[in-house]
Protein chains: 2
Amino acid sequence: MTIDNTKSDTTEFSDPIDAVRPDDLRLEKFLPYRLSVLSNRVSNAIADAYSARFDLTIPAWRVMAILGRFPNLSAAELVEQTAMDKVAISRAVSILIKNDYITRSEDLADRRRQVLNLSELGRDVYERIVPLAQQYENDLMGSLSTEERNQLDSIIEKLMARAQDWANRGLID
Amino acid sequence: MTIDNTKSDTTEFSDPIDAVRPDDLRLEKFLPYRLSVLSNRVSNAIADAYSARFDLTIPAWRVMAILGRFPNLSAAELVEQTAMDKVAISRAVSILIKNDYITRSEDLADRRRQVLNLSELGRDVYERIVPLAQQYENDLMGSLSTEERNQLDSIIEKLMARAQDWANRGLID
DNA sequence: CAATAGTGGTTACAATTGAAACCAATCTTA
DNA sequence: TAAGATTGGTTTCAATTGTAACCACTATTG
C-alpha cells in the first residue's frame, strides 16, 4: 500500500480537552454538520407552517418581513438586508406580486429601480404571520435559559464573523 | 384609501431590553433566519473546499465520514446515522462507487441489502479529508472560548430536541 | 405455500436553486 | 455627447433536491 499518511496535518501534539482519535471524525459532533441539521429542521418546520397557512415560501416570507419594517425598498436593497441573492429575490418578488402581497412601482428618478411595498392584503398577511413567527422563535428559545439565550446570541455573532472571513479571504490553507 | 395605519407600527414607548414592537419582526435577530445564514455560509465554504480538492459533494463526504468510522453499513443504516434521506444516500453512494471511493457487496443473508465500505482509494481520501474537516472546525471553534464551546454544545442539543419535537408532534398551534 | 404486507434501494419526474448571460437604464470620462 | 463601464433586475439553462412510484426481495398470515 502506498498511502503515505505521515505527519497528520491535524493534530499538533496532544489535544488537551476534546481530542478525538486523530484520524477519525465524529459527524454527530462536527459543528458544520450539526448546524446544518438544526437549521434544516427548524426551517422545514416553519416553511411548512407558512406554506400551509399563507402559501408562502421562506424566501417570499423573508421579503415580506423586510418590507414590513422598511417600506419603499428596491430589490437591490432587499439583497443587502436579507443576505439572499439577486435571483432569489427576483423570484420571490414576482410571486408576491402575483399574489397581490406586494406592489411594485417605478422609481421616476432612476427608471431601472422598482420600489416595493406591502399591499394592503400583504400587510394584513404580514401582521398575521409575525406572531406566528414569534411563536416559533419563542418556542425554540423557550428551551433555553435567559443566560443561554445571551450566550447563543454572542456565539452566533462570532461564528458568523469567522465564516464570513472564509468567504472573504478564500479557503483555509 | 382605507389603510387604517393608526397605532404607529414603529415605536411603542421605550424599549426595555429586547422587546420588539409587537407587530414587527427583526429578521436579523430572528433565530431561524440566523441559523440558516450561518449554516449556509459554513457549509458553502466547506463544500467548496471539498469539491475543489477531492471532487466530493457534501452528501458524498458525509457518507464517507460515516463509513470511515463504521464499516459494513447498508444504505438504510447510513440513513439512520446521517439524518439524510434515502434518495440522497442512494445518489451519493452511486457517485462514490463510480469514483471508486467505496465498494458495494451483496449481503447473502438478505439479497436486498448491500454492504458498503470505503475502498482503499476511498480510505486514502478519507484520511486526507478528516484533517481538513477538523481544520475547519478548529478554525470556527477558535473564535470561541472553551466555555463558549461547551455552552454551544449544550444549546445546540436543546434546540435540536425542540425542533425535533415539532417534526414529531406536528406544527405549532 | 399462495397471498399480502413490509423493506431495501433505485428511478422518474417535478420543483427549487445557482451561475451566467442578458436587457435596459444610468454613470463616467474623454 | 458618444463609448464604455456599472447597476438594477430578469431570463435561461443546468445542476440539485424532494416526492412518489416502483422493482426486487423477504416476512407474515391463513
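To find a chain, count down the sequence lines: A is the first, B the second, and so on, and within it residues start at 1. Both backbone and side-chain heavy atoms feed into the values below; hydrogens, waters and symmetry mates do not.
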- Under 4.0 angstrom, heavy atoms only, what part of the nucleic acid is Ser74(B) near: base, sugar-phosphate, or nothing? sugar-phosphate
- Note on the structure: Tightest non-hydrogen contact, residues Leu31(A) and Glu137(B), listed as N-OE2, 3.0 Å
- Per atom distances to the Asp85(A) side chain, the nearest of dG18(C), dG9(D), dG6(C) is dG18(C)
- Note on the structure: Glu77(A) atom CD is separated from dG8(D) atom P, nearest whole Å, by 9 Å
- Message: Check this for me: does the side-chain of Arg104(A) come within 3.5 Å of the base of dG9(D) through a donor and an acceptor?
- Response: no
- Side-chain atoms of Arg113(A) come closest, of dC13(C), dG9(C), dG8(D), to dG8(D)
- Task: To the nearest Å, give me how far apart CD (Glu106(B)) and P (dT10(C)) are.
- Result: 11 Å
- Considering non-hydrogen atoms only, spot the tightest contact between Arg41(B) and Ala163(A) and give its length. CB-CB, 4.0 Å
- Message: Salt bridge check, Arg162(B) against Glu157(B): does any charged N sit closer than 4.0 Å to a carboxylate O?
- Response: no
- Residue mapping more 5' on DNA chain D - nearest nucleotide basis, Pro59(B) or Val115(A): Val115(A)
- Task: Among the candidates dT11(C), dT17(C), dT26(C), find the nucleotide nearest to the side-chain atoms of Ser90(B).
- Result: dT11(C)
- Task: Using the closest heavy atom to pick a nucleotide of DNA chain C for each, name whichever of Leu108(A) or Ala88(A) lands nearer the 5' end.
- Result: Ala88(A)
- Task: Measure from the side chain of Gln114(B), starting at C-beta and using heavy atoms only, and say which of dT10(C), dG9(D), dT12(D) lies closest.
- Result: dT10(C)
- Query: So which heavy atom on Ser36(A) is nearest to which on Ser39(B), and how close?
  - Reply: CA-OG, 3.4 Å
- Message: Nearest heavy atom decides the nucleotide; on that basis, is Lys86(B) or Arg112(B) closer to the 5' end of DNA chain C?
- Response: Arg112(B)
- Note on the structure: Whole-Å distance, Arg41(A) CZ to dG18(D) P, equals 15 Å
- Query: Whole Å only: how far is the CZ atom of Arg91(A) from the P atom of dA15(C)?
  - Reply: 14 Å
- Message: What is the distance, to the nearest angstrom, from the CG atom on Asn44(A) to the P atom on dT19(D)?
- Response: 8 Å
- Query: side-chain hydrogen bond (donor to acceptor under 3.5 Å, both in side chains) between Trp166(A) and Asp48(B): does it pass, once the steps are laid out?
  - Reply: CA-CA 11 Å; Trp166(A) 293 351; Asp48(B) 287 351; over 6 Å; no
- Message: With a 4.0 Å cutoff (strictly under), does any side-chain N or O of Arg111(A) reach OP1 or OP2 of dA25(C)?
- Response: yes
- Closest to side chain of Ala76(B), choosing from dA20(D), dG8(C), dC13(C): dG8(C)
